[in-house]
Each structure stands twice: as structure tokens, then as C-alpha cells.
Amino acid sequence: MNEKSENEFLNKVEEHDEHNTEILPTSSYSKKKQVLATFCATLGCLLNGAVIGYTGPAIPSLMNKTGDAEGGRDLYGGELVLGPQEASWITGLLSIGCFIGCIVAGPCMERLGRRLTLMVVTSTTYLLGFVFIFLANNVALIYVGRFLTGMGLGFVLATAPVYIVEIATTEMRGLLGCFVQFLGGFGVLFSFILGAFLNWWQLAASMIFMVIPFVIGMFFAPESPRWLFLKGREEEGEKALEWLRGTSQRSVITQEIAEIRKEIKEKLDNKVSPKALLEPATLKPFLITLTMYFFLNMCGMNIMIFYCNSIFFYSGSNLDSSVASIIVAIILLISSFIAIIIITRLNRKIILITSMFGMGICYVILGGCFYTIENNLRNKAAGIPVEENSFGWVPPVAILVLLFLGNGGYGTLIWVVIAELLPPKVRAIGNAFIICFGFILGFVVSKTFVDLTLSIGASGTFWLYAGVCLLGSIFTFIFVPETKGKSIEEIQKMFTK
């Protein structure tokens, strides 16, 4: 924005400064358009779910534990069998790639816009990652592919929530925010279903085709009106608003333009840098969202997806691990759908606390089952007679309930709450920092899971995760404010008192 256009912009802000800021109801047309734009953006989350779920069926195939003729072989028929530590790197590198993707996403969003960041940068990164894995004839190329798909994951997680909150009206914000996890659940289901029939490189090949609808969807979706106004492209910004709200909603569009100009004026008057996150009105919500993301990652919920097939296999369940993984994916999807329904009826805080505390209980039960299994194995190795204990459906049910509560509660709502708590002027950079931090922790959790199970056993590892869930519940109860039904301005005022 040059000096002349900036002065014109600021004059328009002054003209609208006394504009009525009462929240107007959202029309049925606008709701449909917001859902459509959000769906296009969160097709990237479909890719996210696919790469997160990929290791569930792919790791047993890569470690040649599936019993299939194709297991442990690459595209060219050569032998490619991985050990436990190499498998842990495949899960861990996704988080490292996501960390880099989040760092790069901030500048990309500001320079290229939210739409092009998703349509061009993200899709290209994902495509290259899938191709590397598909063509891999050694573990190094798989590592590169997982790193690149991790970058794509970071781009989507940093950009999609910002895009959604900037196109959404206040009453639609919570509902649309759930699409991030809902489409992610579809992606996991896609991976687990195909993974029951395909080996690791065939599964990667199938994911290449998922990039196409994402690119097409973002081609037709509008750019964020707030970003267009920020860049001085007001005519395009107004057209984007007309696309989202409807040409007949002139009063709504006029009010929103006034609010956007006021918000951008504050942004121009207060240039944003990472130091802005340390300002008193920003630091508290930033630290709250940062800590929430800490607990989401350290509670081990993603581990239950990364190692889904293996955990079911060692739990002693009679249920086939491939079938179990598909059930897990269906549960993830159902939980996301239910979250979309209950988010409009229940307070955010109640859902968050119930989710985290419920996961903790499930981990305690799961840890108890694995403790008995491990104790029996030790006694057998020592030649001590043991009484066989069959837990039947207890471990599978504990795992399914855990993922249902985690994904449908904390896993879904955190994207909504982060977007609501962070002030608009630091939303892009704050969102990128939070996700970067989360995926550093994600790397630690996924890489150390194998080491923890070898040192303190699966039981001790699950009890450790239970402790994290308990602390997360207490933190949420004390520090996370209720944001349901509050405008962005009202939420900001909560931290400036």
C-alpha cells in the first residue's frame, strides 16, 4: 500500500469511525457461501489427515509385518525393510517438516495472500512429497517425502484457520472452525481404508490424486477480504465480500468494510513484529493458546493414530488391526461431526475439559491392560506359570473412546479457540508460532514413543500421557476463558482489563 492510497484508506476509516457496530444476522445465502469457501480451504485438511494416518498402515508394510508379498518392497520390486528406529523417524520427520512449513507460512500469507498460499505453495509441496515417497527405493527418499508432506501440513494448519476466521461471520465462526478437524478425519479414514489393501508406495501414489480437488477448490474460492483491503485492493475486497455475503446485503457489507478498515488502521498504526506477541494485551492469550497446544501434543493422541495398527496388534485384541484402524478412522470422523453439532449448543470450556479429562481416564485403563500383558510376558520369560488374562474389548474400547473424546473435543475446538483468542493484528504470526511450537513437541512425542515403551513399557507410557491429560484439564479449567457467542472485539477486551 503506497503513501497516497494509505492516506485515502485512513480517510475512509475516519468517515466510518462512527458506524454502527451492532452484529447483524447472517443470511442463509451467506452461510452457504461461507461453508463452500471453508470446504474448499479445508480440502487441504483432507490431505493433512491422509499424511497423519499414512504411517498407521504404511509402517507395518515397511517393516514387512503385514504378511503380504508386497510388504517390505519398493515400486521396483527391490527389498526395502525398516527397523523400529527408522520407522520412528518416519513419524517424527512429519513434525519437523510441519515446523518449517509454519515458519514459511507466515511470510507467504502476508505476501501472496491466504488463497495463493493454499492453492500454489501448499499443493506443490504436498505433490512433491507424495512423489518422493512413491518413487523411493531407499529410506532417505522416504524421509525427504515425509518432510515435504510435513511442510504441506504446516502450511495448511497455519493458513486455513486464519482464512476461515477472516471470511466467517461471528455466528458462523465456531461451526466453520470445526471443518479443520472434520476434513482431517476424512483424510485419516481415506488412508486407513486404502491402507488395508495397498502397500506403502501404492498408498502414497493414491494420495497424489487428492491434491487435484484441493487446487480446483481454491481456484474458485475467494481471497480473504481482510487481506485484500490490507493490500489496498479495495475493489477486489468488496467483490470478495459480495461473493461471501450476497450482493443484496449492502448494509452488512458496508458495516463489515467499516470494521475491516478500522482493524487495518490499527494494524497500520501498530506495525506487527514478533515482539508484538509480548505486549500485555497479547501475551496472555498467546501464552494460553501456546499452553493449550502443548497439552494437545504431549497427551499422545496423535501417537494413537501414527501407531494405530501396531497398538491394536499388541493390545491382545482379537480384532484384526486393519479393521480396527478403519474403525478408528470412522470414530474420528463421527467425533468431528458431533463436535460441529455440539459446538453451537455447549460452552467451549465444558467441551475442552470433558475431552482432556476423559482421555486421561482412558489412558489409565489402557495402561492397566498393558501392565498386565507386560507382567505376564515377563513371568513367562522367567519360566513362572501365569494365568492368561483376556481383556476382550476393553483395550479397543478404551482406544476408541480416547480418540472420540480427544478428536471431538480438544482436537477440534482448539483451532476455533486459537483463532478467537489471538488478536487480529498478530493472528497470522501468532498462529504460525503456536503450530511451530506444537510440532516441535509432536516430533519429540512421536520420536520418543518407541524409546519410552522400551524403557518404561507401554503401560508406563500411557500412564505418563494420563498425567499430561490431568494437568491439561486443570489448566483449561483455570486459565482458558469462555469465547462462545462473543465477538472478536469482546474477546480482546477480556485481556485488556
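No hydrogens, no waters, no symmetry mates; every other heavy atom, side chains included, goes into these values. All figures in this text were calculated on a predicted structure; none of them were measured in a lab.
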S.K.: Determine yes or no for a side-chain-to-main-chain donor-acceptor pair under 3.5 angstrom, with W227 supplying the side chain and M109 the backbone.
M.R.: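 Confirmed, W227 side chain pairs with M109 backbone.
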S.K.: Please report the closest heavy-atom contact between G49 and V188, naming both atoms and the distance.
M.R.: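 Where G49 meets V188 most closely, the heavy atoms are O-CG2, 3.3 Å.
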S.K.: Is there side-chain contact between E86 and Y143, with heavy atoms separated by less than 4.5 Å?
M.R.: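 E86 vs Y143: side chains touch.
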S.K.: Ignoring hydrogens and angles, tell me if any N or O in the side chain of T448 forms a donor-acceptor pair with the backbone of V444 under 3.5 Å.
M.R.: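 Side chain of T448 to backbone of V444, a donor-acceptor pair under 3.5 Å: yes, one is there.
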S.K.: More than 12 heavy atoms of other residues, nucleotides or ligands under 6.0 Å from CZ of F295: yes or no?
M.R.: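 Buried by this count: over 12 neighbours within 6.0 Å.
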S.K.: Is any side-chain heavy atom of F286 closer than 4.5 Å to one of L421?
M.R.: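 No, their side chains stay 4.5 Å or more apart.
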S.K.: Find out whether T124 and L128 are in side-chain contact, i.e. whether some heavy atom of one side chain is under 4.5 Å from a heavy atom of the other.
M.R.: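 When only atoms from C-beta onward are counted, L128 and T124 do touch, with a gap below 4.5 Å.
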S.K.: If I take atom CG from residue L402 and atom SG from residue C362, how far apart are they, to the nearest 0.5 angstrom?
M.R.: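 If I round to the nearest 0.5 Å, the distance is 5.0 Å.
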S.K.: Starting from the C-alpha separation in whole Å, work towards a yes-or-no answer on side-chain contact (heavy atoms from CB on, under 4.5 Å) for T55 and R146.
M.R.: CA-CA 10 Å; T55 53; R146 285 294 283 178; 3.2 Å; yes
S.K.: Main chain of G152, side chain of T125: is a donor-acceptor contact present, judged purely on distance under 3.5 Å?
M.R.: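 Checked: no pair found.
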S.K.: Working note: I59 + M63, criterion side-chain contact (heavy atoms from CB on, under 4.5 Å); need CA distance, chi angles, decisive distance, verdict.
M.R.: CA-CA 6 Å; I59 284 179; M63 296 179 71; 3.5 Å; yes
S.K.: So do I303 and S446 actually touch side chain to side chain, heavy atoms under 4.5 Å?
M.R.: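 Result yes, sub-4.5 Å side-chain heavy-atom pair found.
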S.K.: Yes or no on salt bridge (Lys or Arg N to Asp or Glu O under 4.0 Å) for E420 and R348, after CA distance, side-chain angles and deciding distance?
M.R.: CA-CA 11 Å; E420 290 177 332; R348 314 269 203 257; 2.7 Å; yes
S.K.: For the OG atom of S473 and the CD1 atom of I353, what is their distance to the nearest 0.5 Å?
M.R.: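 Answer rounded to 0.5 Å: 7.5 Å.
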S.K.: Tell me, please, which residues at least two apart from Y410 pass side-chain hydrogen bond (donor to acceptor under 3.5 Å, both in side chains).
M.R.: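 With sequence neighbours excluded, Y410 shows a side-chain hydrogen bond (donor to acceptor under 3.5 Å, both in side chains) to T476, given in chain and number order.
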S.K.: So does F132 have more than 12 non-hydrogen atoms from other groups sitting under 6.0 Å from CZ?
M.R.: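 12 or below, so no.
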S.K.: For F437, does the CZ atom have more than 12 heavy-atom neighbours from other residues, nucleotides or ligands under 6.0 Å away?
M.R.: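 Result for CZ/F437: enclosed.
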S.K.: Does the ring centre of F462 sit less than 6.0 Å away from the ring centre of F370?
M.R.: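 Yes, ring centres under 6.0 Å apart.
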S.K.: State, to 0.1 Å, how close E166 and S224 come at their nearest heavy-atom pair, and which atoms those are.
M.R.: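 Minimum heavy-atom contact is OE1-OG, 2.7 Å.
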S.K.: Heavy atoms, side chains only, cut-off 4.5 Å: are W201 and I133 in contact?
M.R.: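 They are not in contact (no side-chain heavy atoms under 4.5 Å apart), so the answer is no.
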S.K.: How far does CG of L400 sit from CD1 of I330, to the nearest 0.5 angstrom?
M.R.: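 The distance works out to 10.0 Å.
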S.K.: Is there a donor-acceptor pair closer than 3.5 Å between any side-chain N or O of E236 and the backbone N or O of L228?
M.R.: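 Such a contact is absent between E236 side chain and L228 backbone.
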S.K.: Does K231 reach the main-chain N or O of R111 with its side chain, forming a donor-acceptor pair under 3.5 Å?
M.R.: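 Pair absent, no side-chain N/O of K231 close to backbone of R111.
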S.K.: Please evaluate residues E223 and R114 with respect to the criterion salt bridge (Lys or Arg N to Asp or Glu O under 4.0 Å), reporting the C-alpha separation (whole Å), side-chain torsions for both, the decisive distance (0.1 Å), and the verdict.
M.R.: CA-CA 7 Å; E223 177 57 87; R114 287 61 164 138; 5.3 Å; no
S.K.: Step by step, would you call W89 with F443 a ring-ring contact (aromatic ring centres under 6.0 Å, His included)?
M.R.: CA-CA 9 Å; W89 274 106; F443 169 75; 5.8 Å; yes
S.K.: Quick one: OG1 on T122 to CG on L153, what's the gap to the nearest 0.5 Å?
M.R.: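 Going from the OG1 atom of T122 to the CG atom of L153 covers 10.0 Å.
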S.K.: The criterion is ring-ring contact (aromatic ring centres under 6.0 Å, His included); which residues satisfy it with Y126, sequence neighbours excluded?
M.R.: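 Listed in chain order: F130.
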S.K.: Which heavy atom of G185 sits nearest to which heavy atom of L333, and what is that distance?
M.R.: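 Heavy atoms only, the tightest pair is C-CD1, 3.9 Å.
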S.K.: Do the side chains of M304 and I399 get nearer than 4.5 Å, heavy atoms only?
M.R.: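 Contact flag for I399/M304 side chains = yes.
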S.K.: Is atom OH of Y76 surrounded by more than 12 heavy atoms (other residues, nucleotides or ligands) closer than 6.0 Å?
M.R.: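 Result for OH/Y76: enclosed.
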S.K.: Is a side-chain donor-acceptor pair under 3.5 Å present for N407 with S335?
M.R.: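 Short answer, yes.
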S.K.: Would a distance-only check, ignoring hydrogens and angles, find a side-chain to backbone donor-acceptor pair under 3.5 Å from N302 to I305?
M.R.: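 Side chain of N302 to backbone of I305, a donor-acceptor pair under 3.5 Å: no, none is there.
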S.K.: Should we say atom CZ of F357 is surrounded by more than 12 heavy atoms from elsewhere, each under 6.0 Å from it?
M.R.: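 Incorrect, the count does not exceed 12.
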S.K.: Measuring from atom CG of D451 to atom CD1 of I456, what distance do you get when rounded to the nearest 0.5 angstrom?
M.R.: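 Output value for this atom pair is 11.0 Å.
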S.K.: If I compare all heavy atoms of T117 with all of L112, which pair ends up nearest, and what's the gap?
M.R.: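 That would be OG1-CB, 4.2 Å.
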S.K.: Can you give me the closest heavy-atom contact between K447 and Q85, atom names plus distance?
M.R.: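 Distance-wise, the nearest heavy atoms are NZ-OE1, 3.0 Å.
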S.K.: Using a 3.5 Å distance criterion without hydrogens, assess whether the side chain of T91 forms a donor-acceptor pair with backbone atoms of S88.
M.R.: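 Indeed, once roles are kept as given, a pair shorter than 3.5 Å links the two residues.
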S.K.: Hey, which of L93, N137, L62 is the one that makes side chain to side chain contact (heavy atoms under 4.5 Å, CB included) with I142?
M.R.: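 Testing I142 for a side chain to side chain contact (heavy atoms under 4.5 Å, CB included) against L93, N137, L62 leaves exactly one candidate, L62.
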S.K.: With rounding to the nearest 0.5 angstrom, report the CD1 to CG distance, I212 to L43.
M.R.: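 The CG atom of L43 is 12.5 Å from CD1 of I212, to the nearest 0.5 Å.
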S.K.: Tell me, with the steps shown, if M292 and L352 meet side-chain contact (heavy atoms from CB on, under 4.5 Å).
M.R.: CA-CA 10 Å; M292 289 178 70; L352 290 169; 3.9 Å; yes
S.K.: Report the C-alpha separation of R233 and F229 in whole Å, then their side-chain angles, then the decisive distance to 0.1 Å, and conclude whether the side-chain contact (heavy atoms from CB on, under 4.5 Å) test is met.
M.R.: CA-CA 5 Å; R233 295 157 60 176; F229 274 92; over 6 Å; no
S.K.: Is any side-chain heavy atom of C469 closer than 4.5 Å to one of Y363?
M.R.: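 In contact.
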S.K.: Would F220 and W243 count as a close aromatic pair, with their ring centres under 6.0 Å?
M.R.: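 No.
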S.K.: Quick check: closest heavy atoms across Y293 and N297, and the distance to 0.1 Å?
M.R.: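 Closest approach of Y293 to N297: O-ND2, 2.8 Å.
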S.K.: Using a 6.0 Å cut-off, check whether atom NZ of K349 has over 12 heavy atoms from anything other than its own residue.
M.R.: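 Yes - once you tally the heavy atoms of other residues, nucleotides and ligands closer than 6.0 Å, there are more than 12.
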S.K.: Quick check: do P222 and L244 have side-chain heavy atoms less than 4.5 Å from each other?
M.R.: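 Yes; the side chains approach each other to less than 4.5 Å.
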